[in-house]
Structures are given as C-alpha cells and as structure tokens.
Amino acid sequence: MAEKNRLVTVAALQFACTDDVSTNVATAERLVRAAHQKGANIILIQELFEGYYFCQAQKEEFFHRAKPYQGHPTIVRMQNLAKELGVVIPVSFFEEANNAHYNSVAIIDADGTDLGLYRKSHIPDGPGYQEKFYFNPGDTGFKVFQTKYAKIGVAICWDQWFPEAARAMALQGAEVLFYPTAIGSEPQDDGLDSRDHWRRVMQGHAGANVVPLVASNRIGKEIIETEHGNSEITFYGYSFIAGPTGELVAAAGDKEEAVLVAQFDLDKIKSKRHGWGVYRDRRPDLYKVLLTLDGSNPVK
C-alpha cells in the first residue's frame, strides 16, 4: 500500500518588541504574512508579544495590560488574519478573568474560528521573571486542539522545562508541540546563560515523544523600572524548529528578526512514533511517584 503524505508546514516568528501594542501587533501581522508567503500552515508568535515583558517588576499598574478573553482586540485581529490567509495562529495574551489573571494562549484555526484557550500551568518566580505576582496558575490542564492541518499541543514558556507537560499533550494525540516564550539574560547573574540548556530540553521533548516541536522567542533589550531601580533583560532569541528525533531543522540567532519554516509529513512521523515503541512500552502503573512533590507523599 502506498504511504500517505499528510504534509504540514510550521513557522516560528522572532522579533524585538517595543512597549506599544499597535506597533507589536503590526509587526506580528507582517511576519505572519511573510511566513504564509513561505508556505506556512501553522504560525507561532512569541509569548506576550503585545508589549515589553513587564514581569521584571511588580507593579499594580501593569495589571491594566490585561484584557478579557472574549472580544480581545488582538485575538479578533488575528482571527481575521487567519481567515484571510487560511493559517492557524496561536495567540499569546495577558488574560483578565474577573479577579483572576492568566498568561494565556488562544488557538485560532485556519477559518478564523477560536478553538479554545490554554492557560499557562507552571508560573516562574525569580529575579527578572516575577510572574507569580501577575498570573494565577492555569486551570485548563494540558490540552490539544484539532486544527485544519494537525492536532497540536500548545504550552507557554516556563512549561517548556517540564517533560510531563510535553508527554501529557503527546498522549492526547498532539502531532506537533508549540511553545511561545520570552526568555533571556538573568538580571541577578551576568554569567548565567540558559540559551543552550533551554533549547536542548525542548529538543529532548521532541525526541522523547517523537513529535516535531516549534519554539518562538523574542530578541532585543528591554528595560523596566522596578521598585529597586531599573531591571534589564536581553532576550536571546534562538527560536527553532525541531524534528521528531529532536534534530534541529531550522534555527535563528540571538539578534535578528526571523521567520523560520519547516515541513513535516505527519503520517510518516506517526508510523515512526508507533514503530519506535516508546508509547507501547510505557508503564503508567509505575509512575505514581510523579503525583508527589517529594517522591513519597501523594499530593492531596
């Protein structure tokens, strides 16, 4: 029997943000159009791309950047763009839900339909990345979305360090994993560079689950005034696309704007995934320790 060819072309965008929403959304749209011109079907924009990464500081005024999910102007604009171009666009945004706030992504299908919402599950809290001040832990659980071109899993930035998240999405049938991110230098330690570690961990997710993976990060220097003076992060870019064995198939540098594109045969990868045996040989009965925080006491 002849092998089927279910091809999908994915793209990762990378750009420097200003602190002006209209400018950044226009940049995102320009790069989405550029990716479409290169044949992309599913196009990933970086995390919280509407403005500067404000989580360097703890400021009440920054809550004004949040907007409700329904009727969100950037999501609506991306719905119109997705419908016009016939592409899928995950849209990262700062969500206000009554008195709760989330770091969220809406998944827009190729006809402009909003397929639903994922809220970031793992929330970091460290120098320069003080997200716990702004974001509630996500309550959606890890999800997959059936788009026109593929069944996809989307997680957000700090989620990328947790293999459980990638595996949960893959177990639900995700054929490609997507991670919008915002990560760079560490304000407290000029000598700490997580760039290669960051990339290798996600390459591992791709290889361990036998699925392609797309990561989109920002570039540029952003300075935020904090209660202790200015905080500065230089975002290191390095956006990339990995294949189903974790191999790099497209990669950006640390300074330039980029539109990365790669094509995959999803049915061929499916056969590889089934044949490799990592799902056949799983032992969920032995994984109860993963439901603990300390390796011994179950989480209540």
Side-chain angles (χ1 to χ4, degrees), residues 8-15 35 40 42-49 53 88 90 92 103 105 107 118 120-124 126 129 131 138 142-145 150-186 192-219 233 235-254 258-264 266 269 272-273 276 278-279 290:
V8 63
T9 302
V10 297
L13 309 184
Q14 174 174 294
F15 61 94
I42 308 174
I43 302 168
L44 183 65
I45 311 170
Q46 61 215 34
E47 181 188 18
L48 298 173
F49 64 90
Y53 179 76
V88 175
S92 172
N103 187 338
V105 62
I107 313 304
Y118 168 71
K120 186 173 182 177
S121 301
H122 305 95
I123 311 297
Y129 302 90
E131 294 194 15
F142 304 112
K143 302 171 71 173
V144 299
F145 302 87
K151 196 171 187 180
I152 67 173
V154 184
I156 303 171
C157 201
W158 193 237
D159 289 331
Q160 70 214 2
W161 296 97
F162 298 86
E164 299 89 346
R167 178 52 56 90
M169 292 184 287
L171 283 173
Q172 294 176 78
E175 297 173 294
V176 188
L177 299 177
F178 292 84
Y179 289 86
T181 71
I183 187 168
S185 59
E186 304 290 337
L192 177 58
D193 184 353
S194 64
R195 183 178 64 183
D196 293 332
H197 183 191
W198 170 83
R199 180 181 281 182
R200 282 193 296 265
V201 166
M202 284 186 282
Q203 287 179 256
H205 297 336
N209 292 290
V210 197
V211 295
L213 185 149
V214 183
S216 178
N217 190 22
R218 67 176 67 193
I219 53 172
I233 293 178
F235 293 92
Y236 52 60
Y238 253 47
S239 301
F240 70 95
I241 301 172
T245 65
E247 75 279 17
L248 282 177
V249 297
D254 61 355
V259 176
L260 304 177
V261 173
Q263 185 177 80
F264 298 102
L266 296 180
I269 293 171
K272 178 188 291 289
R273 187 164 54 245
W276 197 244
V278 291
Y279 293 92
L290 297 179

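One is the number of the first residue; the rest follow in order along the sequence.
Aromatic ring orientation, F235 versus Y53: perpendicular (interplanar angle above 60°, classes split at 30° and 60°).
Cation-pi check for R167 over F162 is not met; the charged atom does not lie both under 6.0 angstrom from the ring centroid and within 45 degrees of its normal.
Rounding to the nearest 0.5 angstrom, the gap separating the CD1 atom in I233 from the CD atom in E186 is 7.0 Å.
With hydrogens and angles left out, the side-chain atoms of Q263 and T9 include a donor and acceptor closer than 3.5 Å.
Shortest non-hydrogen contact noted between A168 and F142 is CB-CD1, 3.9 Å.
Y179 contributes no side-chain N or O that, together with a main-chain N or O of N217, makes up a donor-acceptor pair within less than 3.5 Å. Without hydrogens or angle criteria, R195 side chain to Y238 main chain gives no donor-acceptor distance under 3.5 Å.
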_Show, in sequence, the C-alpha distance, side-chain angles and deciding distance for W158 and Y129, and conclude whether the ring pair (Phe, Tyr, Trp, His ring centres under 6.0 Å) test is met._
CA-CA 10 Å; W158 193 237; Y129 302 90; 8.3 Å; no

*Verdict with supporting geometry, F15 and I45, side chain to side chain contact (heavy atoms under 4.5 Å, CB included)*: CA-CA 9 Å; F15 61 94; I45 311 170; 4.1 Å; yes

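Sorted by first then second residue, the salt bridge (charged side-chain N to carboxylate O under 4.0 Å, His left out) pairs that include residues 170-184, not counting sequence neighbours, are R6-E175.
Looking at residues two or more places apart in sequence or on another chain, you find no side chain to side chain donor-acceptor pair (under 3.5 Å) involving S185. Here S239 pairs with Q14 under the side chain to side chain donor-acceptor pair (under 3.5 Å) rule; sequence neighbours left out.
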